[in-house]
Novice: 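Provided herewith is a single structure, encoded as structure tokens, for subsequent inquiry.
In what follows, chains carry the letters A, B, and so on, assigned in the order in which the sequence lines appear, proteins first and then strands, with residues in each chain numbered from 1.
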Amino acid sequence: MVARRTRLLAYLLGGVAPLCLAGLALGVPVMYWSNLPSRIADHWNLSGRPNGSQPKIVALGIALALVVVGASALITWMTLMLKLSRNPSTAEPVRSPVRSMAGLLATGLMLSGAGTAISLSMTLSNLDVNSWQTAHQDPLGFIPLIAGPLALAAVGVGLVRRNITSVSSSGAALSDFPRLGLTDSEEALWLSGARCTWAAPSSLVGLVGAGVLWLLGGHVLAVSIVAVSLGFLELSSVRVAASAVGVMVRYGPFAWPVTRIPLKRIARAEPLDLAPLSWGYRGSLSMFGTAAVMVRRGPTLRLHLKDNKTFLVTVDDAVTGAALINDQVQRQSRIS
Amino acid sequence: MLLRIDTTLAEPLYGQIASQLTHAIARGEIEPGSRLPSAKELASAVNVNLHTVLHAYAVLRDAGLVELRPRRGAVVLPSGPMAARLMEQVRQLVEAARGQGFSQPELIDLVRNEW
């Protein structure tokens, strides 16, 4: 049932939606091509008067490119979802709950929605005018341009969240997962972590490159590279501690920021073995209900939370970590 | 690494913590330059008194496994793994000597003669 819903949503949001959006973004300007001036207004002041223009092929081409990038993300999302629905037990990297791909879906819908909205807005604002200077847009016209794609992404993610909760191991009992066998007189602390071999050197190269660019005057590019390099550095390693208190995850060489998940929030833990595409911080516990912290492929700890959310983090010896957490969860439930 | 302490064992809690951390350092589970968890964090995680953890860390420092730095906590020394392996071998030697009925002065004499 879950697999069928997954396929249906995958085709709807990853296939039909980008086709419809691309059709609108391309079809409407083509239909009114002869009614548009050779240069069209593409930027407006607060009173709705145009203050920027481009050749219509360029302006509408950029909007269409945005749709294509968004559609690519949606098609990728659809492919992963279909792979998952065919074989949920082995279809890594999306063996984790379907929600972990919600970020990709939201990005795809927002980009393709924004491209379509821009294309339609430019076409309608420049329709039947002699030159771009006489085009007019409602001063509040920017609101649907922003709200439309956001609403589209929210609806898409909402559909996925409502219809597909999780795939593998949903409904399994705690006894099905690894256990350590702690006695009542024992206390334990599990410390582990994982390291990405290429992220730290890459970030250092990036920082050096940014310094050179800064000296050469490319300040904006240098700042961008510094931001990306620091992001790489943050995901170059991760340290995890689990005990009767809960699970604590520290990121990067400075062990900051810290994610704390109290034991009372955890339903169970299980070890996984994640494969390709497993790098980066994906999802969000608060927004999408799933977050995955991947610094390398291989052993990963998955925490099922009591509020149906899921947290994944790559760690060495995930089996021991999961076993300890499950023991502590059972001990706590016995006490309460 | 898994640190597991049992309140019903005869070995004191600080000794259990120290020996398990020694074992982890000897096996390379905690690498040189790594920081051990803060005493407060470890005490809270395994539900023991803060002074018990500080006592265990002092044992590791005296054995040359870690360096206790203000605000940085306990950091494993570069020579830590070798010292930890030696410490484990000494522990095995002491246990073997006890098992065979040797007294402490007799064992020390044996070591001195071998040296």
Novice: Show me the donor-acceptor pairs under 3.5 Å between chain A and chain B.
Specialist:
from	atom 1	to	atom 2	distance (Å)
A:Gly181	O	B:Arg4	NH2	3.4
A:Ser185	O	B:Thr7	N	3.0
A:Ser185	O	B:Thr7	OG1	3.1
A:Ser185	OG	B:Asp6	OD1	2.7
A:Glu186	OE1	B:Arg4	NH2	3.3
A:Glu186	OE2	B:Arg4	NE	2.9
A:Glu187	N	B:Ile5	O	2.9
A:Glu187	O	B:Ile5	N	2.8
A:Leu189	N	B:Leu3	O	2.7
A:Leu189	O	B:Leu3	N	2.7
A:Leu191	N	B:Met1	O	2.8
A:Leu191	O	B:Met1	N	2.4
A:Arg250	NH2	B:Glu41	OE1	2.8

Novice: How about A:Val313 and A:Val247: do any of their side-chain heavy atoms sit closer than 4.5 Å?
Specialist: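 No, too far: nothing below the 4.5 Å cut-off.
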
Novice: Within the 4.5 Å heavy-atom criterion, are A:Phe311 and A:Val249 side-chain neighbours or not?
Specialist: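 SC-SC contact between A:Phe311 and A:Val249 confirmed.
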
Novice: Does A:Val245 reach the side chain of A:Leu263, with side-chain heavy atoms less than 4.5 Å apart?
Specialist: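 Of all side-chain heavy-atom pairs linking A:Leu263 with A:Val245, none is under 4.5 Å.
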
Novice: Apply the test side-chain contact (heavy atoms from CB on, under 4.5 Å) to residues A:Thr197 and A:Arg296: give CA-CA distance (whole Å), side-chain angles for both, the deciding distance (0.1 Å), then the verdict.
Specialist: CA-CA 8 Å; A:Thr197 49; A:Arg296 52 127 178 84; over 6 Å; no

Novice: Hey, what do you get for CD1 (A:Ile261) to CE (A:Met248), rounding to the nearest 0.5 Å?
Specialist: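 The CE atom of A:Met248 is 11.0 Å from CD1 of A:Ile261, to the nearest 0.5 Å.
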
Novice: Measure distances from A:Leu182 to the heavy atoms of chain B and classify the residue's part below 4.5 Å as side chain, backbone, both or neither.
Specialist: both

Novice: Roughly how far apart are B:Leu93 CG and B:Leu107 CG, rounded to 0.5 Å?
Specialist: 5.0 Å

Novice: Which of residues 201-209 of chain A have a heavy atom under 4.5 Å from any heavy atom of chain B?
Specialist: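 From residues 201-209 of chain A, none sit under 4.5 Å of chain B.
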
Novice: Rounded to the nearest 0.5 Å, what's the gap from CG on A:Leu221 to CD1 on A:Ile225? Could you check?
Specialist: 4.0 Å

Novice: Just how far is it from atom CG of A:Leu312 to atom CG of A:Leu303, taken to the nearest 0.5 Å?
Specialist: 8.0 Å

Novice: How far does NE2 of A:His304 sit from CD1 of A:Ile266, to the nearest 0.5 angstrom?
Specialist: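 It is 11.5 Å, given to the nearest 0.5 Å.
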
Novice: Can you measure from CG (A:Leu301) to CD1 (A:Ile325) and round to the nearest 0.5 angstrom?
Specialist: 4.5 Å

